[in-house]
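Worksheet for the structure shown next.
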Amino acid sequence: MSDRNSVAPRAAADVRAYDIETDVLVVGYGCAGSAAAFEAAAGGAQVLVLDRMSGPGGASALSGGEIYLGGGTPIQRACGFDDDPAAMAAFLSAALGPGADPDKITRYCEDSVAHFHWLADRGVPFNPTLWDAPAWVPPTDDGLMWLGENSGPFAELAAPAPRGHRPAAADFGGKLLMDRLAGAARSAGATMLSDTRATCLIVAADGTVVGVVARRYGTELTVRARRGVVLTTGGFVDNDAMLAAHAPKLLGHTKVSAGTDDGSGIRMAQALGAAVRHMATGQVGISLVPGLAARGMVVNGNGQRFINEDTYPGRIGQAALFRQDMRTWVVLDERAFDEVPEPQRWGVRPTHVAETAEELADLMDLPAAALADTVRRYNSFASRGVDPEFGKAPRWLRPLAPPLAAIDVRAGVRPPSESGDRRGTGASVFTLGGLHTSLDGAVLDIDGAPIPGLFAAGRAASNLHGEGYISGTSLGDGTFFGRRAGAAAARTD
């Protein structure tokens, strides 16, 4: 009796007749799937999209909507910023490394302005205004935001320019983005079969992927793809067995997903010999209000600073989980707390308050002398408007005055992450690793050769990212490489 959880491929010779036939089959209907479906349909292919949910969206629809774009977009120019692909690539290479893909970063940056226009032509609106402060998701409908480009060490590597492009929606713009992208795919002629879960790939005798086996309402379906299959099934944060095998640091934390990132597409391709990359990597959101952190200090379990507090907050989250075992606090004073408007604090309040650094350290169970010395050094540098230790921008430097407070990032309300997830405490995580693909989304085997007929994009694939992450590179990466995968699949005969 066969194992219904198996992802082992089915031989095409064992399929007597196909229930459905199409030119290009896209599995998964988030941002990458919709982009792939549009381009394949625009290329003249008959396109069918399968999704296990009842409609398009996935984690993309739950997201903040940020798309990492630059190189001189109309929104950047309207806000008074010059930018070029080389500066954008220099930032991404540093922020997404080590292990970031240089060829994909180069292509992404060179084509970024054109990709902005593609999104705008699909009806995605962007306001020509800037949110000019650290944030997870700005509380406005500003169309542009900084994502660490103007913070150390990145500001010294290339001319800083804000590149976080946000759809014109207050708070979270992911739903608006997906409404427009799915609508564009439908208008181009792509059709959808919902409530349908792909279970394995169908492979011809010569190794070409020619379709998938799926289940819908308990009934098995076989779907033939005459030109190619595009996997846009998401990452694997919802699969604890895969996390334990590849990314154990991500276990036990809140999962940022739509509940369907079980790694199924990755596993189906691996069953054919597909290679994977960066499977131990992940993005980490923590209960840290960026505006409060920028105005104070972030310290570890030794009472010492370990990062510049004005950087992209997800970078602080990765450092907190991967290097500090989540023993992380924001130390600030009353003025810093009051300067951040109450709605932007998301209900986060100090977990400890004391008159001196030594007393605060005792409450935090940290070495008192170490925290007191950290505060002293910070205040000494801040009084001169410099941060020689971590390069924090002068705009955010000010000596902290007693009484002092601390916020334990392991406690309190979860601030909104790029996905909008607000459950639980500790960290909110999603995976970054996935299938090894070419510039055009072809899935590569362990020898680096393309698997005929098989493509992947979005979090099912490993594209731009190495160990690092910047908001907007999920939706940017997914839509950009989803487009390329869909177009390439449509060309395959």
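- Side-chain N or O atoms of Ser462 include none that pairs as donor or acceptor with a backbone N or O of Thr437 at under 3.5 Å.
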field: Chi angles and distances behind the side chain to side chain contact (heavy atoms under 4.5 Å, CB included) call for Glu467, Leu432
entry: CA-CA 8 Å; Glu467 292 183 5; Leu432 297 175; over 6 Å; no

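- Panel note: side chain Thr479, backbone Gly476; a donor-acceptor pair is recorded below 3.5 Å.
- Under the 4.5 Å side-chain criterion, counting only non-hydrogen atoms from C-beta, Asn302 is not in contact with Leu366.
- Paired with Lys255 under the rule side-chain contact (heavy atoms from CB on, under 4.5 Å), one option of Leu243, Asp261, Leu250 passes, and it is Leu243.
- Between the side chains of Thr129 and Asp142, at least one donor N or O lies within less than 3.5 Å of an accepting N or O.
- Applying the side chain to side chain contact (heavy atoms under 4.5 Å, CB included) test to Asp477 and every residue at least two apart in sequence or in another chain returns Asn463, Leu464, His465, Phe481.
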task: Please test Asp408 against Arg327 for salt bridge (Lys or Arg N to Asp or Glu O under 4.0 Å), starting from the C-alpha separation and ending with a verdict.
output: CA-CA 8 Å; Asp408 189 338; Arg327 286 177 55 79; over 6 Å; no

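- Between Arg483 and Asp111 there is no salt bridge, since none of the side-chain N atoms of the basic residue sits less than 4.0 Å from a carboxylate O of the acidic one.
- Side-chain contact between Arg107 and Phe480 is present, with at least one heavy-atom pair separated by less than 4.5 Å.
- Between the CH2 atom of Trp118 and the OG atom of Ser112 there is a distance of 13.0 Å, given to the nearest 0.5 Å.
- Side-chain contact, Tyr312 with Ser471: a donor N or O sits under 3.5 Å from an acceptor N or O.
- Asp51 places a side-chain N or O within donor-acceptor distance of the main-chain N or O of Met53, the cut-off being under 3.5 Å.
- Looking at residues two or more places apart in sequence or on another chain, you find no ring-ring contact (aromatic ring centres under 6.0 Å, His included) involving Phe455.
- For Phe172 and Trp136, the distance between ring centers is not under 6.0 angstrom.
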Going by atom type alone, with no hydrogens or angles, which donor-acceptor pairs under 3.5 Å involve a side-chain atom of residues 150-162 and a protein atom two or more places apart or on another chain?
unit_1, atom_1, unit_2, atom_2, d
Ser151, OG, Gly148, O, 2.9
Ser151, OG, Thr311, OG1, 3.4

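- No donor-acceptor pair closer than 3.5 Å links the side chain of Thr431 to the backbone N or O of Gly282.
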Full working for side chain to side chain contact (heavy atoms under 4.5 Å, CB included) between Leu130 and Trp146: CA-CA 8 Å; Leu130 173 71; Trp146 292 98; 4.1 Å; yes

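- No more than 12 heavy atoms of other residues, nucleotides or ligands sit less than 6.0 Å from atom CZ of Arg349.
- The CG atom of Leu69 sits 10.5 Å away from atom NE2 of His117, with the distance rounded to the nearest 0.5 Å.
- Looking at heavy atoms from C-beta onward, Phe236 lies in side-chain contact with His246 at the 4.5 angstrom threshold.
- Remark: Asp83 pairs with Arg163 by the salt bridge (Lys or Arg N to Asp or Glu O under 4.0 Å) rule, at least two apart or across chains.
- Between His253 and Val284 there is no side-chain heavy-atom pair separated by less than 4.5 Å.
- Listed by chain and residue number, nothing satisfies the side-chain hydrogen bond (donor to acceptor under 3.5 Å, both in side chains) test with Thr232 (two or more places apart in sequence, or in another chain).
- Inter-residue side-chain proximity for Gln344 and Val289 is flagged as unmet; no heavy-atom pair is nearer than 4.5 Å.
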Name every donor-acceptor pair, under 3.5 Å, that has one atom in a side chain of residues 173-185 and the other anywhere in the protein, sequence neighbours excluded.
unit_1, atom_1, unit_2, atom_2, d
Lys175, NZ, Asp179, OD2, 3.0
Arg180, NH1, Gly123, O, 2.3

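- The neighbour count for Leu363 CG, taken as heavy atoms of other residues, nucleotides or ligands under 6.0 Å away, is above 12.
- Ion pair Asp132/Arg395 flagged as a salt bridge, since at least one NZ, NE, NH1 or NH2 atom sits closer than 4.0 Å to an Asp/Glu carboxylate oxygen.
- Contact check for Pro402 versus Thr356: no side-chain heavy atoms found under the 4.5 Å cut-off.
- The distance from atom CE of Met88 to atom OH of Tyr108, rounded to the nearest 0.5 Å, is 5.0 Å.
- One distance of note links CD1 of Ile105 with CZ of Phe91; it measures 10.5 Å at 0.5 Å rounding.
- With a 4.5 Å cut-off on side-chain heavy atoms, Ser474 and Phe430 count as touching.
- Ion pairing of Arg484 with Asp440 is present here, as a side-chain N (NZ or NE/NH1/NH2) and a carboxylate O approach within less than 4.0 Å.
- Ser63 places a side-chain N or O within donor-acceptor distance of the main-chain N or O of Gly65, the cut-off being under 3.5 Å.
- Within the 3.5 Å criterion, the main-chain N or O of Ala35 finds no donor-acceptor partner in the side chain of Glu39.
- For the atom pair CE (Met364) and CG (Leu404), the distance works out to 10.0 Å, reported to the nearest 0.5 Å.
- Under a 4.0 Å N-O distance rule, the pair Asp338/Arg295 does not qualify as a salt bridge.
- The backbone N or O of Thr328 sits nowhere less than 3.5 Å from a side-chain atom of Asn300 that would complete a donor-acceptor pair.
- Between the side chains of Ser287 and Arg410, not a single donor N or O lies within less than 3.5 Å of an accepting N or O.
- In this structure, Leu292 CG and Trp346 CH2 are separated by 8.5 Å, a value rounded to the nearest 0.5 Å.
- Not a single side chain to side chain contact (heavy atoms under 4.5 Å, CB included) links Pro394 to another residue, sequence neighbours left out.
- Side chain of Asn127 to backbone of Asp141: a donor-acceptor contact under 3.5 angstrom is found.
- With sequence neighbours excluded, no residue satisfies salt bridge (Lys or Arg N to Asp or Glu O under 4.0 Å) with Arg345.
- Within the 3.5 Å criterion, the main-chain N or O of Asp262 finds a donor-acceptor partner in the side chain of Asn239.
- Between Arg77 and Asp82 there is no salt bridge, since none of the side-chain N atoms of the basic residue sits less than 4.0 Å from a carboxylate O of the acidic one.
- Sparse packing is recorded around CD of Glu334, with 12 or fewer heavy atoms of other residues, nucleotides or ligands lying under 6.0 Å away.
- Judged as a side-chain hydrogen bond (donor to acceptor under 3.5 Å, both in side chains), and not counting sequence neighbours, the contacts of Arg376 are Asp373.
- Legend: residues meeting salt bridge (Lys or Arg N to Asp or Glu O under 4.0 Å) with Arg335, ordered by chain and number and at least two apart, are Glu339.
- Under the 3.5 Å distance criterion, with hydrogens and angles disregarded, no donor-acceptor pair is assigned to the side chains of Tyr469 and Thr281.
- Take Arg122 and apply the side-chain hydrogen bond (donor to acceptor under 3.5 Å, both in side chains) test, not counting sequence neighbours, and it matches no residue.
- In this structure, Phe126 has its ring center under 6.0 Å from that of Phe116.
- Here side-chain hydrogen bond (donor to acceptor under 3.5 Å, both in side chains) pairs that include residues 90-103, with residues two or more places apart or in two chains, are Asp101-Arg277.
- With 3.5 Å as the limit, one finds a donor-acceptor pair spanning the side chains of Arg52 and Ser264.
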